[in-house]
Amino acid sequence: MTSTRHRRHQHVELVDRGRLARDLRRAVAGEVRFDPGGRALYANDASIYRQVPVGVVIPRHEDDVAAALEVCRAYEAPVLGRGCGTGLAGQSVNAAVVFDFSKYMNRILELDPHGRTARVQPGVICDRLREAAGRHGLTFAPDPATHDRCTLGGMIGNNSCGTHSVMGGKTVDNVISLEVMTYDGTHMTVGVTDDVRLGQVLEAGGRQAEIYAALLRLRDRYAGAIREGYPDLPRRVSGYNLDDLLPERGFDLAKALVGSESTCVLVTAATVRLLPDPPHHSLLVIGYQDAATAADHVPELLGGEGLIGLECFDAGVLGNLDRHGEHVPGMDELPDGSAWLLAEYGAGSQREANALVEAAKARTGAGTPKVFEDEAGQRDVWEVRRSAIEYTRIPGQHAGLAGWEDAALPPERLGDYIREYCDLVRRHGYHTVLFGHFGQGCLHNRLDLDLQTADGIANFEAFLAEAGDLVVRYGGSLSGEHGDGQLRANQLVKMFGPELVGAFAEFKAVFDPDGRMNPGKVVAPYNPVQNLRLGTDYEPRQVETYFAYPEDEHGFADAVNRCFGIGKCRRTSGGTMCPSFMVTREEEHTTRGRARLLFEMMSGQLRGKGWRDPNVKRALELCLSCKGCKGDCPVSVDMATYKAEFLAHYYRGRPRPRQAYALGLIPLWARAASRLPGVANTALAAPVLGRTARLLAGVAPERRAPTLAARTFRRLFAEHEAPGGGRPEVLLWPDTFTDHFAPDIGLAAVTVLEGAGYRVRLPGRRLCCGRPLYDYGMLPTARRWLRRILDELREPIRDGVRLVGLEPSCLAVFRDELVNLFPDDADARRLAAQTRTLGEFLSEVGYEPPRLERRALVQVHCHQKAVLTHDSERDLLAAMGLDVHVPDSGCCGLAGSFGYERGRRHEVSMAAGERVILPAVRDADDGTVIVADGFSCREQIAGGTDRRALHLAQVLRLATEHGPGGPPGRPEDACRSEAPKARLGLAAVGVAAAAGLAYALRRERDSR
Ligand SMILES: Cc1cc2nc3c(=O)[nH]c(=O)nc-3n(C[C@H](O)[C@H](O)[C@H](O)COP(=O)(O)OP(=O)(O)OC[C@H]3O[C@@H](n4cnc5c(N)ncnc54)[C@H](O)[C@@H]3O)c2cc1C
Ligand code: SF4
Ligand code: SF4
């Protein structure tokens, strides 16, 4: 075996990558990536392994797959398929040419609701198929936890299963036929093969006949061993499905290939079975003292009518959520206990579903039961179960690695297995929480493995061997869900015996005699502790950084290593993360892709260019700095911060692109131009001059420039008459955008705060939090501006005065970047703690809002979602009597300066906006109040629709001024505009511009 591996390595080295890439480019219509960045992106998956591919092919269609295989054949280059790359056993990475099916080959080709089948390409995301089937009351039953991003190709590769496998089985049970390609280019459609079909294939001759004949021989030779050696388990995922070749199973080649993890064929299309989806559900939750006891009671629930899911999680899952600072409402609704069984029943009506649950409840003998009949309650409890795996990794505390995470046992023996397994985990010094698909005997858990020291790795290897022995002793399957890859494959012999493992090798050789398909996985496997992502030689570069990364022990290196590859950032809908991937569908534009490239940069893998690495730079180009990842990623990968850090170093000592000076320094321009706002507005609106200015500044020609107000908010505030009397004081933050472009919002906030009984104060000097600077990594300047703020506000900060802000992205600087740049400054921490959004402040002081009985469509700023809170604002709007609708719209797309930039950024910006929020605004009726606190969101809405969004402050003032009915017509028409009338010469703008630029260039010289 060792020599096979040695040959394989030698071979990969020998492949002439340059010529292979050139020939692939000539042969395929799709994309070919052989650059260091492109390869690094596919070097990791969600497992503990890392293997840099030879290169990447992104085929557009089946012909591309055939053409690329032909070229790879000529170079004897190994290959493997890839979907979302969430494999957990190392089967989705290899030193091979990766075929990424997710970008183009992702169409549902046919859906036949009557025949209850669908024909799909391998890159179709599981949820897209489920949604399409759902329109006909049908579903695709296997639903892995990654269902919102994993692909059918990957599900077939892994033989995936999920919660509803109790109802509909594993992927193998739902595959009717597969269209596959072998390494030698044979293209065939395989499925159940009756004698007539078999006769036809054999008679036709050729390679397909050869394959069928060889498989027949193999089946006949091993039929006895297969019938005896395959455990009868609902979740046997380990090993090839040789049992599906048996005559009693119809010599089903499609099923035999499901779960073969790219080691035999590439799947180019699949026809799958769809099942009726019971429309009504009811949920029985039973609390027990621990997971083992819960497992003991599983048999009481099995076999009951209408059971569609039977899951478990223990109290450790709640602890993990707590440690992440996450609160899922379902946590509070659980009955007493420290582990819970969730038995879900489905039926044609709610009454029937409820009756099924009651019958199940009567069958159970122990535990504390609680029934959830309402949809919302059920959803909340399921959310706790769903979050189990995602929150296992706790940076700095628990590595949450996939070590032995999906063994499956006969369900009736699961309890005893868990007791022994927990003992084993303890003996090896690991800690874990338990959850899983108990109805099918499958136990999940993540381990805090040490894979960076020789002792740690030896301990892990010993643990794996003992865990394998334990599973086999209980008659279980090493894998009950995630496949063998290289993590478990070396133990298949324990489970199946040498004869059947020999049959696996023969099975693979029928399709792939030279071992070019995903070598080292399943058959003739790598050792489970080879190819580790972090091994004993992991030694990230030591770097000095601007940010302190106080939550990551080893600073930036640990921060970019937070990502554990689970691919949530590859969702194509829902949440904020990651808008750039949602538009481009490129791994490079996921949070994961960017984090992985930074990881490679830090571990010196990207040709050692360090902070000047062009691959990292390119991947960050389309990052919107929206902080969606900080909020949505379970381990809070904060790409906006890493991007600012990277750019600060990348540009150190050299000039930045012109946009950085035009848009990153917008606070300076705004201040200069606001001396003659009419001139500036006229200049920017003038056809030739405006276009030229935009061109020079790198601004998209399609964007309208925001209009400067005739008088700044600070000026208007100085003129306003403050109420007298001894009122408590509040500091209002006059951010650049409010001050120069939207003073009406500032005035509205003053009206509201004074109406609430406060005396409003503004900082004595003009200050700016520097938000736009971060987008361009102008961190020395950002630090200087923040220092100025701390100096200026020290007194009110120390007096505990609340700072109320109107622009969420500016407040996010105070809560987030400020403490990251000044971790040891007590006043920075005080300011962060005393900063409030208007909504937060008003609800804290018990403000009673005026009524406004309209519908409200709300776009929440991404930074608000990630760093601040929105609940108080939503509650406030609801308390006004508004019918509040907050669509799951994610990022509006403008994202500070991002969407203003010409070219690709503008395109991505518009596509992100067009996903949800812009159509939603266009669909809103005239009476609907469009609410957006973020300046960017309001600009995006104003530019992409014929509506104007209002700030919460304006909505509150509107209600006060117009009463519950609000103003007639569109609410925004009743709000004042502050556009200036003056139209003077242009010289002043030029002078201001030159002065601003000189200032900028001088100050942005990197002084740390
Ligand atoms: C947080 C988390 C939770 C998970 N939960 C579950 C779960 O509940 N149930 C479950 O079953 N799994 C689970 N998994 C594992 C994994 O997500 C699923 O198995 C998923 O279906 C894999 O899909 P993918 O698109 O990511 O496949 P990939 O990882 O890209 O590929 C998986 C395998 O399929 C092969 N492959 C991909 N495309 C093709 C093709 N066209 N032809 C041939 N082979 C191909 C790959 O080479 C690889 O061997 C989980 C993983 C994570 C990270
Ligand atoms: S960035 Fe976060 S969500 Fe994306 S793969 Fe990494 S850990 Fe998962
Ligand atoms: S900041 Fe936004 S665009 Fe950038 S990686 Fe995170 S989610 Fe994606």
Side-chain angles (χ1 to χ4, degrees), residues 45-47 65 80-94 98-102 105 121-123 125-126 142-147 149-163 165 170-171 178 180-181 237 257 260-268 270 389-390 392-393 402 406 437 442 444 480-483 485 517-518 521-522 562-571 576-581 589-596 620 622-643 862 866 890-891 895 898:
D45 55 9
S47 72
V65 182
L80 83 153
R82 177 144 157 159
C84 181
T86 57
L88 288 162
Q91 66 270 58
S92 316
V93 286
N94 214 326
V98 173
F99 284 57
D100 177 352
F101 290 97
S102 66
M105 291 184 66
Q121 290 187 313
I125 290 176
C126 178
D143 52 349
T146 46
H147 55 82
R149 60 231 193 232
C150 73
T151 63
L152 263 291
M155 292 179 73
I156 292 164
N158 281 357
N159 192 8
S160 302
C161 352
T163 298
S165 290
K170 299 172 287 194
T171 298
L178 295 180
V180 300
M181 247 180 238
V237 165
L257 285 167
S260 59
E261 301 179 13
S262 261
T263 59
C264 299
V265 295
L266 290 180
V267 176
T268 55
I389 193 165
E390 292 180 359
T392 46
R393 182 173 177 86
D406 67 321
H437 313 284
C442 181
H444 285 322
E481 196 164 86
H482 303 153
M517 301 287 306
N518 211 4
K521 316 290 160 149
V522 186
R562 282 176 167 244
C563 171
F564 62 140
I566 63 169
K568 198 171 172 186
C569 47
R570 281 187 58 111
R571 286 179 308 179
T576 306
M577 171 180 73
C578 171
S580 52
F581 175 74
H589 301 139
T590 60
T591 313
R592 177 174 76 175
R594 294 173 178 131
R596 295 309 204 193
L620 292 172
L622 292 185
C623 168
L624 289 89
S625 298
C626 66
K627 287 188 185 277
C629 41
K630 187 175 173 96
D632 291 2
C633 163
V635 287
S636 299
V637 169
D638 181 3
M639 194 50 63
T641 298
Y642 311 162
K643 175 182 163 186
C862 298
C891 181
F898 181 90

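Atoms within a ligand are numbered from 1 in the order they appear, just like the ligands themselves.
Side-chain N/O atoms of R570 and S102 include a donor and acceptor closer than 3.5 Å. A donor-acceptor contact under 3.5 angstrom links the side chains of S580 and R594, judged on distance only.
Shown in contact with V635 at under 4.0 Å from a heavy atom are these atoms of ligand 2, numbered in order with element: 7 (S). Taking every heavy atom of T591 and a limit of under 4.0 angstrom, the matching atoms of ligand 2 come to 1 (S). For ligand 1, the atoms sitting less than 4.0 Å from at least one non-hydrogen atom of I566 are 1 (C), 53 (C), numbered in the order shown with element in parentheses. Close contacts between ligand 1 and V265 involve ligand atoms 43 (C) [criterion: under 4.0 Å to a heavy atom]. Those atoms of ligand 1 with a heavy atom of E261 less than 4.0 angstrom away are 49 (O). Near G567, the atoms of ligand 2 lying under 4.0 angstrom from a non-hydrogen atom of the residue are 5 (S), 8 (Fe). Of all the atoms in ligand 1, the ones that sit under 4.0 Å from a non-hydrogen atom of E481 are 6 (C), 7 (C), 8 (O), 9 (N), 10 (C), 11 (O), 12 (N).
N94 does not count as a contact of ligand 1, since none of its heavy atoms falls under 4.0 Å from the ligand. At least one heavy atom of G565 sits less than 4.0 Å from an atom of ligand 2. By the 4.0 Å heavy-atom criterion, L88 is counted among the residues contacting ligand 1. The closest approach between M577 and ligand 2 falls below 4.0 Å for a heavy atom of the residue. Residue contact annotation: E390 has no non-hydrogen atom under 4.0 Å from ligand 1.
For G87, a nitrogen or oxygen atom sits less than 3.5 Å from a nitrogen or oxygen atom of ligand 1, counting backbone and side chain alike.
Both the backbone and the side chain of I566 come within 4.0 Å of ligand 2, counting heavy atoms alone. Only the backbone of K627 comes within 4.0 Å of ligand 3, judged by heavy-atom distances.
At least one N, O or S atom of C629 sits under 2.8 Å from atom 6 (Fe) of ligand 3. In summary, an N, O or S atom of C569 is located under 2.8 Å from atom 4 (Fe) of ligand 2.
Distance from atom 5 (S) of ligand 3 to its nearest protein heavy atom, with residue and atom name: R594 NH1, 3.2 Å. What sits closest to atom 18 (C) of ligand 1 on the protein, heavy atoms only, is S160 OG, 3.6 Å. Closest to atom 27 (O) of ligand 1, if we only count protein heavy atoms, is G154 CA, 3.1 Å. The protein heavy-atom contact nearest to atom 29 (O) of ligand 1 is S92 OG, 2.7 Å. Annotation: atom 41 (N) of ligand 1 to nearest protein heavy atom, V267 O, 3.1 Å. Nearest protein heavy-atom neighbour of atom 33 (C) of ligand 1: N158 OD1, 3.2 Å. The protein heavy atom nearest to atom 45 (C) of ligand 1 is S262 OG, 3.6 Å.
Here the rule is side-chain hydrogen bond (donor to acceptor under 3.5 Å, both in side chains) with N158, and of Q91, K170, E261 only Q91 fits it.
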